[in-house]
Amino acid sequence: MAKFQSLPGFRDFYPDAFARRNHIFRLWRQTASAFGFAEYDAPVLESLELYKTKSGEEIEAQLFSFTDKGGREVALRPEMTPSVCRMIGARANALKRPIKWFSVAEYYRYERAQKGRERAFFQFNADLFGEPGPEAEIELIALLTQCMCAFGLTEQDFYVRLSDRNLWFYYLEALGLDDARTRAVLSAVDKFEKAGDDAFKPYEEQFGPLESQLKARILAFLDVKSLPALEQILAPLGGEKLAARLGDWRRVLGGLEAMGLARFVEVDLGVVRGLAYYTGFVFEAFDRKGELRAIAGGGRYNDLVAKLGGPDLPAVGFAIGDVTLGLLLEARGLMPAFVNACDIYCVIGGEAERRVAFADIHALRAAGYRVDYPIREVAFGKQFKLAGESGAKLALIYGADEIAKGVVKVRDLTDRAEQEVLRDDVLAVVRGFFGGE
RNA sequence: GCGGUCAUAGCUCAGUUGGUUAGAGCACAAGAUUGUGAAUCUUGGGGUCGCGGGUUCGAGUCCCGUUGGCCGCCCCA
């Protein structure tokens with residue numbers, strides 16, 4: 001066993017793992033770009049105060065934080081939202097609306113690592129600033145969905161649960177609950193899926209027994225799984241706020257349906273996302289089989305930019321983690337078997353032939369082809385085996401016979417067809433081969 | 001932070017009631033093989049049996065501690 005190993009929750013990325021990670025990043029970036037989102041990044045280290053302001057004092061226990069040599073209290077970023085809000089807030093007046101930004105970055109949280117949860121992990125993070133209407137939610141949920149589908153995942157594999165903190169506030173208000181009771185109920189709702197009736201214990205300790213009729217109405221709200229059901233349960237309550245909010249719901253779900261994404265989205269008011277900073281719609285993505293932790297989560301946070309010192313600026317954002325998504329892709333056989341393949345492998349006779357080959361190898365590399373060859377002299381037969389294992393599509397054969405004739409033998413490693421090519425024509429032939437793919 | 005469980009080669013694992021020098025497959029390397037591919041055969045390198053202590057004539061095996069993995073709780077921005 002090695003004397004040193006990586007810290008708990010921190011992963012080594014050997015080339016195969018790195019290739020898988022890059023595959024995920026590549027499709028995320030490609031997808032975000034297709035949606036017109038611009039990539040940015042922020043510092044890995046921020047002032048501890050930034051996170052305390054956003055999340056409260058307790059957050060420090062979950063952070064990699066320390067005092068730097070200048071006496072500053074700092075923390076490794078546990079998420080992107082405070083940083084991006086800081087950046088946006090500082091230039092809000094100069095940025096064209098809507099502001100659509102994304103990032104792919106590493107985050108650090110001092111928590112117990114478990115399957116699907118590391119202490120250092122990557123997230124795709126996307127935010128849309130400056131749009132108060134539900135069109136922003138449509139854009140982001142569509143992006144989230146496509147960021148999963150790009151890997152070949154389908155509605156059989158994952159779904160997005162859509163909820164709304166505002167709707168809960170309006171609903172509970174209509175049922176006569178004050179602000180403190182409403183928050184306690186939401187806290188119970190958050191835990192209800194896992195804890196069942198026990199979830200209401202903290203509420204009852206604080207406010208006394210929950211009336212059975214009230215509880216029934218809360219549970220009925222949790223049972224709502226569709227827009228018609230939502231309309232039905234809210235109809236008797238009336239009120240302008242509820243009616244307006246239902247209109248927002250119709251726009252979000254209608255927009256997603258028009259994009260052909262309705263099959264991924266389920267109404268599920270059981271999602272409230274903790275005591276976070278969310279101010280409206282919230283959503284989370286899960287695997288259909290329910291075997292994994294949440295894959296992605298997000299929602300609207302209209303107050304945060306101002307809270308961190310910027311102007312009032314409505315915002316919606318979400319993040320997808322690399323760990324859970326990676327587990328899902330592996331489980332569904334959607335992680336390609338990566339070989340760090342080259343394009344061309346050169347088979348070289350001896351020292352004299354090697355000098356000739358080197359000229360072509362370098363020219364091909366300079367032209368942008370991935371070219372490899374045995375670093376030491378190796379038996380011919382073995383070189384063909386190495387060529388096959390290299391993943392290359394072409395082999396160039398530099399033997400004494402070929403050099404004497406001024407040619408190079410070009411072997412198509414897929415169909416094993418060979419042709420002799422004048423050395424001067426090698427680059428052109430290679431271009432023709434790869435250009436015609 | 002709390003509880004449960006596990007830890008033998010790069011990977012997957014075997015290792016008898018405690019008993020000689022800890023094994024296999026895969027992977028890696030060399031050779032058979034200086035002219036044609038995923039093969040075969042031969043050979044080799046690689047282990048403080050996670051780490052530390054204890055019991056014992058003797059510990060991979062039993063006991064205690066510790067570190068790490070996994071599972072659950074807290075948390076999950």
Side-chain angles (χ1 to χ4, degrees), chain A residues 1-12 14-17 46 50-56 58-63 75 77-85 107-119 121 123 125 187 190-191 194-195 198 271-278 282 284 291-299 301 304 317-319 321 323-324 327 339 345 347-354 374 376-404 409-418:
Chain A
M1 192 58 65
K3 185 169 184 178
F4 293 105
Q5 47 188 306
S6 68
L7 262 20
F10 284 75
R11 295 167 285 169
D12 289 325
Y14 285 82
D16 281 351
E46 292 268 16
L50 178 66
Y51 302 115
K52 284 187 178 175
T53 299
K54 188 215 134 199
S55 306
E58 325 77 59
I59 192 68
E60 190 172 352
Q62 314 287 332
L63 296 177
R77 63 184 174 201
E79 58 170 325
M80 189 58 95
T81 308
S83 299
V84 72
C85 285
Y107 302 96
Y108 310 87
R109 296 179 185 176
Y110 198 85
E111 299 176 297
R112 197 89 163 96
Q114 285 176 27
K115 191 180 181 69
R117 187 168 79 174
E118 307 287 347
R119 284 182 163 183
F121 55 93
Q123 283 187 340
N125 196 94
S187 177
D190 189 34
K191 297 184 171 59
K194 206 175 201 176
D198 287 349
V271 175
V272 295
R273 291 187 68 70
L275 303 170
Y277 45 82
Y278 291 106
V282 290
E284 292 185 334
E291 292 170 346
L292 301 169
R293 313 175 68 85
I295 299 161
Y301 52 99
L304 198 55
F318 73 86
V323 181
T324 310
L327 289 171
V339 190
Y345 196 89
V347 173
I348 303 168
E351 262 320 294
E353 294 80 16
R354 176 167 290 251
R376 284 182 303 157
E377 219 175 303
V378 172
F380 246 88
K382 188 142 203 171
Q383 290 192 57
F384 283 99
K385 187 176 172 183
L386 290 172
E389 289 169 352
S390 74
K393 296 199 170 60
L394 277 188
L396 299 184
I397 300 160
Y398 292 86
D401 301 348
E402 287 82 2
I403 303 295
K409 201 175 271 178
V410 177
R411 181 179 177 88
D412 183 329
L413 288 166
T414 309
D415 64 15
R416 304 190 176 190
E418 287 184 353

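Quick note on labels: first sequence line is chain A, next is B, and so on, each numbered from 1. Please read all numbers here as calculations on a predicted model, not as lab measurements.
Put simply, A:R293 has no side-chain N or O that comes within less than 4.0 Å of OP1 or OP2 on B:C71. Put simply, A:R273 has a side-chain N or O that comes within less than 4.0 Å of OP1 or OP2 on B:A77.
Look at CD on A:Q114: it is 14 Å from P on B:G1, rounded to the nearest Å. For A:K115 and B:G68, the NZ to P distance is 20 Å, given to the nearest whole Å. Spacing between atom OH of A:Y14 and atom C1' of B:C28 amounts to 14 Å, rounded to whole angstrom units. What separates CG of A:L292 from C1' of B:C76 is a distance of 15 Å, to the nearest Å. Spacing between atom CD of A:E291 and atom P of B:C71 amounts to 13 Å, rounded to whole angstrom units. Note: CG (A:L386) to C1' (B:C28) measures 13 Å, nearest angstrom. For the pair A:E58 CD and B:G1 C1', the computed distance is 16 Å after rounding to whole Å. Taking atom CD on A:Q123 and atom C1' on B:C76, their separation rounds to 11 Å, with Å as the unit.
B:A7 and B:G60 have their C1' atoms separated by 11 Å, with the value rounded to a whole Å. For the P atom pair drawn from B:U56 and B:C63, the interatomic distance equals 16 Å after rounding to whole Å. Atom name C1', nucleotides B:G18 and B:G58: the rounded distance is 8 Å, in whole Å. Comparing the C1' positions of B:U17 and B:C13 gives a spacing of 23 Å, expressed to the nearest Å. Spacing between B:G15 and B:G25 at atom C1', rounded to whole Å, works out to 15 Å. Across B:G50 and B:U36, the matching P atoms stand 48 Å from one another, rounded to whole Å. On the P atoms, B:A29 is 44 Å away from B:G65, given to the nearest whole Å. Nucleotides B:A77 and B:G4 have their C1' atoms positioned 29 Å apart, rounded to a whole Å.
Among the heavy atoms of the strands lying under 4.0 Å from A:R376 are primed sugar atoms or P, OP1, OP2 only; no base atom is included. Note on A:G9: only backbone sugar-phosphate atoms sit closer than 4.0 angstrom, heavy atoms only; bases stay farther off. In this structure, A:I59 reaches the bases: a heavy-atom distance under 4.0 Å links it to at least one base atom across the strands shown.
The side chain of A:R117 has B:C75 as its nearest neighbour among B:C75, B:G68, B:C70. The listed nucleotides are B:C76, B:G68, B:C73; the one nearest the side chain of A:E111 is B:C76.
Using modelled atom types, one side-chain atom of A:D415 and one backbone atom of A:A417 make a donor-acceptor pair closer than 3.5 Å. A donor-acceptor pair under 3.5 Å links the side-chain atoms of A:Q383 to the main chain of A:V378, judged by distance alone. A:E353 contributes a side-chain N or O that, together with a main-chain N or O of A:G350, makes up a donor-acceptor pair within less than 3.5 Å.
With sequence neighbours left out, A:E60 forms a side chain to side chain donor-acceptor pair (under 3.5 Å) with A:K52.
With the nearest nucleotide of RNA chain B identified for both A:L7 and A:E284, A:L7 has the one nearer the 5' end. Between A:P78 and A:P8, the residue whose closest nucleotide on RNA chain B is further toward the 5' end is A:P8.
Applying the side chain to side chain contact (heavy atoms under 4.5 Å, CB included) test between A:R109 and each of A:E79, A:R117, A:R119, A:R77 identifies A:E79 as the sole match.
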Under the criterion side-chain contact (heavy atoms from CB on, under 4.5 Å), I'd like the reasoning laid out for A:V282 against A:V272: C-alpha separation, chi angles, the key distance, then a yes or no.
CA-CA 7 Å; A:V282 290; A:V272 295; 5.6 Å; no
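Between A:F121 and A:Y107, the ring planes lie tilted relative to each other; the angle falls in the 30° to 60° range.
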Would you sketch RNA chain B in dot-bracket for me? Only Watson-Crick or G-U wobble pairs with both distances under 3.5 Å count, crossing pairs as [ ], other-strand pairs as |, the rest as dots.
(((((((..((((.....[...)))).(((((.......))))).....(((((..]....))))))))))))....
Interface polar pairs with nucleotides 33-38 of chain B, N/O, under 3.5 angstrom:
residue : atom : partner : partner atom : Å
B:G35   : O6   : A:A400  : N            : 3.1
B:G35   : O6   : A:D401  : N            : 3.1
B:G35   : O6   : A:E402  : OE1          : 3.1
B:G35   : N1   : A:E402  : OE1          : 2.7
B:G35   : N1   : A:E402  : OE2          : 2.9
B:G35   : N2   : A:E402  : OE2          : 2.5
B:G35   : N2   : A:K409  : NZ           : 3.2
B:U36   : O2   : A:R411  : NE           : 3.4
B:U36   : O2   : A:R411  : NH1          : 2.7
B:U36   : O2   : A:E418  : OE2          : 2.9
B:U36   : N3   : A:E418  : OE2          : 2.5
B:U36   : O4   : A:K409  : NZ           : 2.8
B:G37   : O2'  : A:R416  : NH2          : 3.2
B:G37   : N7   : A:R411  : NE           : 3.1
B:G37   : N7   : A:R411  : NH2          : 2.5
B:G37   : O6   : A:R411  : NE           : 2.6
B:G37   : O6   : A:R411  : NH2          : 3.2
B:G37   : N1   : A:L413  : O            : 2.7
B:G37   : N2   : A:L413  : O            : 3.3

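Note: A:E111 CD to A:L63 CG = 9.5 Å, rounded to the nearest 0.5 Å. Atom-to-atom distance recorded for A:I348:CD1 and A:F380:CZ is 9.0 Å, nearest 0.5 angstrom.
Remark: the A:R109 side chain and the B:A77 base include a donor-acceptor N/O pair separated by less than 3.5 Å.
Taking every heavy atom of both residues into account, A:P374 and A:R354 meet most closely at O-NH2, 3.1 Å.
No side-chain heavy atom of A:R411 sits less than 4.5 Å from a side-chain heavy atom of A:V347.
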